[in-house]
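The first residue of the sequence shown is numbered 1, and numbering continues consecutively from there.
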Amino acid sequence: MRKAVFVFLSSWLLTLPMLAQDHVTWTARDAQTQFLLNDALLRDLGLTLESTTASSLADGVRTFTFAAPSPSGLLFRTRDGDFDELVGGQLVHQGGFDLNWGSGDASLVNF
């Protein structure tokens, strides 16, 4: 009986560092990013969009979804199962849109 208790206790103690581990690093791959843009607000601000990606419009909100396929990946850390921080990597998206205003523009194509 003592031998069985010792084996159980020692194997349980070996798992304690794993149970106490508060940070775990993950990699997000094959991600999608979604933008929700209010058409009326953009218009009021004098902004227009030229899209290279299909979008949908419902209740005045335009939705764009961009894929970020592998091999790009975003590294993030969790603490006790909850998101804690970004720690590295990158996501390279396919598609996008150009944002235009009176005297300039900004491209969010393949960002």
Which atom pairs, donor and acceptor, lie under 3.5 Å between side-chain atoms of residues 103-111 and protein residues at least two apart or in another chain?
residue : atom : partner : partner atom : Å
Ser107  : OG   : Asp98   : OD1          : 3.0
Ser107  : OG   : Val109  : N            : 3.4
Asn110  : OD1  : Gly95   : N            : 2.9

Without swapping roles, check the side chain of Asn38 against the backbone of Ala40 for a donor-acceptor pair under 3.5 Å. yes
Rounded to the nearest 0.5 angstrom, the CD-CZ distance for Glu50 and Phe97 is 12.0 Å
For Thr78, give me all partners under side-chain contact (heavy atoms from CB on, under 4.5 Å), at least two apart in sequence or on another chain. Val24, Trp26, Phe76
Interatomic distance, CZ@Arg62 vs CG@Leu42, rounded to 0.5 Å, equals 9.0 Å
Group every Ile, Leu, Val, Met, Phe, Trp and Tyr by side-chain heavy-atom contacts under 4.5 Å, then state whether Leu37 and Leu41 land in the same group. yes
Please determine whether a side-chain nitrogen of the Lys or Arg among Asp84 and Arg77 lies less than 4.0 Å from a carboxylate oxygen of the Asp or Glu. no
Minimal non-hydrogen separation, Val92 against Pro69, with atom names: O-CD, 4.0 Å
As a quick check of understanding, evaluate side-chain contact (heavy atoms from CB on, under 4.5 Å) for Asn100 and Leu47, giving each step before the final call. CA-CA 6 Å; Asn100 302 301; Leu47 302 171; over 6 Å; no
Please find the pair of heavy atoms, one from Ala68 and one from Leu91, that lie closest to each other, and give the distance. CB-CB, 4.0 Å
For Trp101 and Leu45: C-alpha separation, side-chain torsions, deciding distance, then whether side-chain contact (heavy atoms from CB on, under 4.5 Å) applies. CA-CA 8 Å; Trp101 59 92; Leu45 294 172; over 6 Å; no
Can you find a side-chain donor-acceptor pair between Thr65 and Gln32 that sits under 3.5 Å? no
Distance check, rounded to the nearest 0.5 Å: Leu49 atom CG versus Phe35 atom CZ? 10.5 Å
What verdict does the side-chain contact (heavy atoms from CB on, under 4.5 Å) test give for Arg43 and Asp39, after you've listed the backbone C-alpha separation in whole Å, the side-chain angles of each residue and the deciding distance to 0.1 Å? CA-CA 6 Å; Arg43 203 170 28 257; Asp39 269 2; 4.3 Å; yes
